[in-house]
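Working notes, structure below.
Index from 1, following the sequence.
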Amino acid sequence: MPAIVVLGAQWGDEGKGKATDQLGSSIDYCVRTSGGNNAGHTIVVNGEKFDTHLLPSGLLTPGCTPVIANGVVIDPSALFSEIDIFARRGVEVPDLVVSANAHVITSFHITLDKVTERFLGKNLIGTTGRGIGPTYADKISRTGIRIADLFDESILRQKVEASLDLKNHILAKVYNRRAIEPDQVVEELLSYTDRLRPMVADTSLLLNRALDRGETVLFEGAQATMLDVDHGTYPYVTSSNPVSGGVCTGAGVGPTRIDRVIGVIKAYTTRVGSGPFPTELDDADGDRLREVGAEYGVTTGRPRRCGWYDAVIARYAARVNGLTEFFLTKLDTLGEWERIPVCVAYEVDGVTQDEMPMTQSDFHHAKPVYELFDGWQEDISGCRTFEELPKNAQRYVRALEEISGAPFWGVGVGPGREQSITLRDAS
Ligand code: GDP
Ligand code: IMO
Ligand code: MG
């Protein structure tokens, strides 16, 4: 199985890090293709917890080459501090490969991210403040700075000056902030070049050659389907395409090369930041899900909004990503409820519909239609086979599988690498 995509099927934090790590032992390359250090992926190995933000989670797998492809936006300072944090814990990433075409997040993109959020007031997106939106905006406006530009000082200077020209007017005149000195930005970016140079390559060529040789490439999604700038809850989204289509543009690999597309989905739903969320719980159940599931952001530490499983979103994710399977995570979190509601359809202005509403305003009006399932009320974190799960947990998994639009490949029953149940042979 040479090319596998692992992506988020909800609003992020589904357990993509764990699912990626789960496939780890058989993969040769682990590739990030979109987003930046707005992501926070957790892997727990032998009780030890590791967080990745920009580095692909495959770095914990011996023999797996981590790749940051062209679709990613890179803050070099964040990249090196992440590498250094891993090195201090005894994990080296000597073979990290970075695309020459990836765009660079500079200090002024981070400043702009923060001031625009403040300017939006109560309409804020709730971004991670890592400069993601402004960097992708520059990419699309054709005023971005790419990794390759860091190796030619005069080109870099021209690009930084051109990029800052308009922004400095906006910073000073709209946001009442001090203008940013291009020289300072250039100097900072040049300070990274020596360390960056040996990592830089044509990652599209590298990955296509690997696939030609029959090697296994895993594309590790960041963010998620409902945060996709085209298919998510716009404008409360990130600024990239975390859906499976984004993997092709973000890595320079054609869609015909991809064999499996795995959607990672929680046995309930969470969201960080602003925007609609039909199954959100503003009650004791929501608080309990947050506490039992430890639902606090890996990147910003913000409490995550929590709600029940939403099968309309699951079916939508199966459709827009062409999922071949789902990996269901955090089933163990639901161990204390007597009854577990699952959203099977929406009611929108009095009309029941089982597909995602076409417009965002209809989605804002969507009210969940719930079906109730019997809970199992026991600790399942030690189960390693489907048969070991309590009957009601088995029924819950099978019921979700039936209404979610793609088969379930595995189930997570705890954060640890070994805390998973495989439902079918994926090879
Ligand atoms: P990602 O951004 O999709 O990689 O997910 P995060 O790492 O941000 O959030 C998922 C959290 O759930 C992390 O703390 C994981 O260690 C944890 N996790 C993943 N799978 C499971 C599971 O099956 N059960 C439990 N209890 N925790 C899990
Ligand atoms: P992982 O990969 C959850 C959310 C932010 C905000 C919106 C835009 O760990 O699942 P941005 O900084 O990207 O401009 O913020 O997107 N967001 C995430 N939410 N998990 C993530 O990543 C996220 N990355 C961005 O909270 O609502
Ligand atoms: Mg996360």
Side-chain angles (χ1 to χ4, degrees), residues 3-14 16-17 19-20 29-41 52-58 66-74 98-99 101-103 105 125 127-128 130-141 144 146-147 203-204 206-208 211 217-265 313-314 316-327 356 406:
I4 306 168
V5 173
V6 170
L7 55 79
Q10 296 159 319
W11 276 285
D13 305 323
E14 298 90 350
K16 297 177 290 294
T20 298
Y29 292 85
C30 182
V31 189
R32 278 282 307 273
T33 62
S34 67
N37 59 323
N38 48 347
H41 298 179
T52 60
H53 297 278
L54 193 50
L55 293 173
S57 296
V67 178
I68 300 178
N70 59 279
V72 176
V73 286
I74 301 175
V98 172
S99 167
N101 288 342
H103 279 248
I105 302 178
I125 308 290
T127 72
T128 59
R130 299 296 190 268
I132 305 296
T135 307
Y136 277 115
D138 269 359
K139 173 176 174 173
I140 301 304
S141 303
R146 307 213 279 186
I147 291 290
T203 52
S204 165
L206 175 85
L207 295 170
N208 279 282
L211 290 168
V217 177
L218 189 148
F219 298 99
E220 177 188 0
Q223 290 72 57
T225 306
M226 299 304 286
L227 290 172
D228 185 279
V229 69
D230 283 86
H231 301 286
T233 45
Y234 191 89
Y236 300 103
V237 292
T238 191
S239 301
S240 64
N241 285 115
V243 295
S244 58
V247 169
C248 297
T249 52
V253 166
T256 49
R257 307 214 70 156
I258 293 171
D259 303 275
R260 294 173 65 191
V261 184
I262 304 171
V264 186
I265 194 159
I313 284 175
Y316 180 66
R319 165 159 59 95
V320 299
N321 293 298
L323 296 184
T324 56
E325 63 231 272
F326 277 108
F327 185 83
M356 182 63 74

Practice problem: Quick one: do Ile313 and Met226 satisfy side chain to side chain contact (heavy atoms under 4.5 Å, CB included)? Show the steps, please. | Solution: CA-CA 8 Å; Ile313 284 175; Met226 299 304 286; 3.9 Å; yes

Exercise. Quick one: pull up CD1 in Ile147 and OG in Ser99 and give me the separation to the nearest 0.5 Å.
Key: 8.0 Å

Quiz item: Are the side chain of Asn321 and the backbone N or O of Val243 linked by a donor-acceptor pair below 3.5 Å?
Solution: no

Quiz item: When you look at Tyr136 and Thr238, which way does the side chain to side chain contact (heavy atoms under 4.5 Å, CB included) test go after all the steps?
Solution: CA-CA 10 Å; Tyr136 277 115; Thr238 191; 5.7 Å; no

Quiz item: Rounded to the nearest 0.5 Å, what separation is found between the NE2 atom of His53 and the OG1 atom of Thr128?
Solution: 10.5 Å

Self-check item: Side-chain donor-acceptor pair present, Gln223, Asn38, cut-off under 3.5 Å
Solution: yes

Quiz item: Hey, does Val229 have a side-chain heavy atom less than 4.5 Å from the side chain of Tyr234?
Solution: yes

Exercise. Calculate, to the nearest 0.5 Å, the distance between atoms CG and CG belonging to Leu55 and Asn37 respectively.
Key: 10.0 Å

Practice problem: Hey, could you give me the OG/CG distance between Ser240 and Leu227, rounded to the nearest 0.5 Å? | Solution: 8.5 Å

Quiz item: side chain to side chain contact (heavy atoms under 4.5 Å, CB included) between Val67 and Leu206: does it pass, once the steps are laid out?
Solution: CA-CA 10 Å; Val67 178; Leu206 175 85; 4.1 Å; yes

Quiz prompt | Reference residue Leu54; test side-chain contact (heavy atoms from CB on, under 4.5 Å); the match among Ile68, Val98, Val73, Ile105 | solution = Ile68

Practice problem: Apply side chain to side chain contact (heavy atoms under 4.5 Å, CB included) to Val253 and Cys248, showing your working. | Solution: CA-CA 5 Å; Val253 166; Cys248 297; 5.7 Å; no

Quiz item: Does Lys16 pair with Glu220 as a salt bridge, N-O distance under 4.0 Å?
Solution: no

Self-check item: Arg146 CZ to Asp138 CG distance, which is reported to the nearest 0.5 Å
Solution: 13.0 Å

Exercise. Report yes or no: does Thr225 contribute a side-chain atom to a donor-acceptor pair with the main-chain N or O of Gly8 at less than 3.5 Å?
Key: yes

Quiz prompt | Phe219 backbone acceptor or donor facing Tyr29 side chain under 3.5 Å | solution = no

